[in-house]
2 protein chains.
Amino acid sequence: MRSAANATAPHPRPSVLGGAAHRAPRAGLTTFERETLAVFVGLARVVGLPKSYGEIYGLLYASAGPLNFGDIQARLSLSKGSVSQGIRALRAVGAVRLADIAGGDRKHFEPETELRKLVGGFLRESIRPHLDGSDRRLAAVGGHLGASPAGPAERKVLQARFDKLVRWHKQGRAVLPWIEKFLG
Amino acid sequence: MRSAANATAPHPRPSVLGGAAHRAPRAGLTTFERETLAVFVGLARVVGLPKSYGEIYGLLYASAGPLNFGDIQARLSLSKGSVSQGIRALRAVGAVRLADIAGGDRKHFEPETELRKLVGGFLRESIRPHLDGSDRRLAAVGGHLGASPAGPAERKVLQARFDKLVRWHKQGRAVLPWIEKFLG
DNA sequence: TTATTTGTTCATTTTTTCTTGAACTCGGGT
DNA sequence: ACCCGAGTTCAAGAAAAAATGAACAAATAA
């Protein structure tokens, strides 16, 4: 049971606001919603997140008010598992947050719509960890350079490459905060 | 200098330089090479490219001189198909280029090592196209907004969301050149 | 406490993406 | 022309990632 019907329902009435909807599971989306989802699904792909995450965020974004777990599951006709994991992940990167709804109703979610925060969360959770991993790796490699290949000429070139790689990482780290600021 | 040895060799001798190697297909990589590959494989993952592309770029990066098709295939023990596609793609984004080798030898490749160009190529080939796609989509959606949901209150919220989305895209486009410059 | 409903976890299935390999094309070389 | 090796293309197989669903946990009501 999802949508509207009556407000006196003895049980968790599906928060409305999201739509005049009462549509069936799939295709129960307005054109606006479908297209917005598509945009975010594309974005998700670019940043390497599963499509379902993009759909969830997109639906929240295209809804005028917070939605609860059941709303999301029903409108996107995703499995409970996907919705659960999706919400968790999106909350982890700060793309979705708990909306403080009046009644002690079911938990409702709303999208973070500040670009700066969205990007910030993504950088923090995805890019930085990667940089950290590589850095550790690089630190370990440094030594092996001396032992490896043939002549000193090659050795020199490789040393230069290695140094450059380390420098890249530093630069990478340096741009991140900058990007955030720029989008502020 | 590539497959040194001698320029009169009747057939494509596997260019060396990359290593004191004469090792067998797999594991025929020095520790330095293996670790460098790993770093680039990780990077490939982040930017959504197949692992094999990361390996190819990584191998080139960890080699003191240009390598040819056969070298790459042998040292990474990848199929011809993967190497072919990998090289094509990496060249397309400007991450790898043809090295102008002396003799009319087999084509040799070398990595682009200017961060600015690497990033630039990636932004141009991957991010911008995405933005373009979304923009087209958004342009189409704009209209549908009027027809969709219920009350005027919601309508207003959604209109705001839509506008913000459009603004995001503009901002996104604006940062790109900026990032490049910063890395210059 | 027991019954119900919401939400989570995780093994399994499904889908998507990557890699392979074989057929094919292109360019000499003879 | 014919042969050979280099490289490309693409259908099919392998691998990886995501979605599902069922068992389970937490919370609430009865």
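In this text the structure is predicted, and so the values were computed from the model without any measurement. For the numbers below, each heavy atom of this structure counts, side chains included, while hydrogens, waters and symmetry mates do not. A, B, ... follow the sequence lines: proteins, then strands. Residue 1 opens every chain.
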Practice prompt. Report the distance from atom CG of L76(A) to atom C1' of dA19(D), rounded to the nearest whole Å.
Written response: 13 Å

Discussion item. I'd like to check the salt bridge (Lys or Arg N to Asp or Glu O under 4.0 Å) partners of E114(B); sequence neighbours left out, ordered by chain and number.
Written reply: K117(B)

Worksheet item: For the pair made of CG in L78(A) and P in dG7(C), what is the distance, rounded to whole Å?
Response: 15 Å

Worksheet item: Between dA19(D) and S52(A), is there an OP1 or OP2 to side-chain N/O distance shorter than 4.0 Å?
Response: yes

Discussion item. Heavy-atom count check: over 12 atoms from other residues, nucleotides or ligands less than 6.0 Å from R128(A) CZ?
Written reply: yes

Response to the item:
Value for OH (Y53(A)) from CZ (R45(A)), rounded to nearest 0.5 Å, stands at 14.0 Å

Worksheet, complete the sentence: Per the under-4.0 Å heavy-atom filter, residues of residues 81-95 of chain B near DNA chain D come out as G81(B), S84(B), Q85(B), R88(B)

Fill in: Presence of R106(A) side-chain N/O under 4.0 Å of dG7(C) phosphate oxygens OP1/OP2
yes

Worksheet item: Would you say R45(B) reaches dA17(D)'s phosphate, i.e. side-chain N/O to OP1/OP2 under 4.0 Å?
Response: yes

Discussion item. Can you classify the ring geometry of Y61(A) versus F40(A) as parallel (below 30°), tilted (30 to 60°) or perpendicular (above 60°)?
Written reply: tilted

Worksheet item: Is D132(A) paired with R173(A) through a side-chain N to carboxylate O contact shorter than 4.0 Å?
Response: yes

Worksheet item: Starting at the 5' end of DNA chain C, which residue's closest nucleotide do you reach first, K107(A) or K51(A)?
Response: K107(A)

Discussion item. According to side-chain hydrogen bond (donor to acceptor under 3.5 Å, both in side chains), who are the partners of S52(A), at least two apart in sequence or on a separate chain?
Written reply: none

Worksheet entry | Pairs involving residues 174-183 of chain A, ordered by first then second residue, that meet side chain to side chain donor-acceptor pair (under 3.5 Å) (sequence neighbours left out) | none

Item to complete: Take the C1' atoms of the five end pairs on each side of the helix from dT1(C)-dA30(D) to dT30(C)-dA1(D), derive the two axes, and give their angle rounded to 10 degrees.
Response: 0°

Worksheet item: What residues, two or more places apart in sequence or in another chain, satisfy salt bridge (Lys or Arg N to Asp or Glu O under 4.0 Å) together with R116(B)?
Response: none

Fill in: For atom CG of L49(A) and atom P of dT17(C), their distance in whole Å
14 Å

Worksheet, complete the sentence: Rounded to whole Å, the CD1-C1' distance (I72(A) to dT8(C)) equals 15 Å

Practice prompt. Nearest whole angstrom, please: distance from the P of dA22(C) to the CD of Q73(B).
Written response: 13 Å

Worksheet entry | SB check D135(A) K170(A) (cutoff 4.0 Å) | no

Worksheet item: To the nearest Å, how far apart are I56(B) CD1 and dT19(C) P?
Response: 9 Å

Worksheet entry | Protein-nucleotide distance (L67(B), atom CG; dG7(D), atom C1'), rounded to Å | 17 Å

Fill in: Rounded distance in Å - CZ (F69(A)) to P (dA27(D))
16 Å

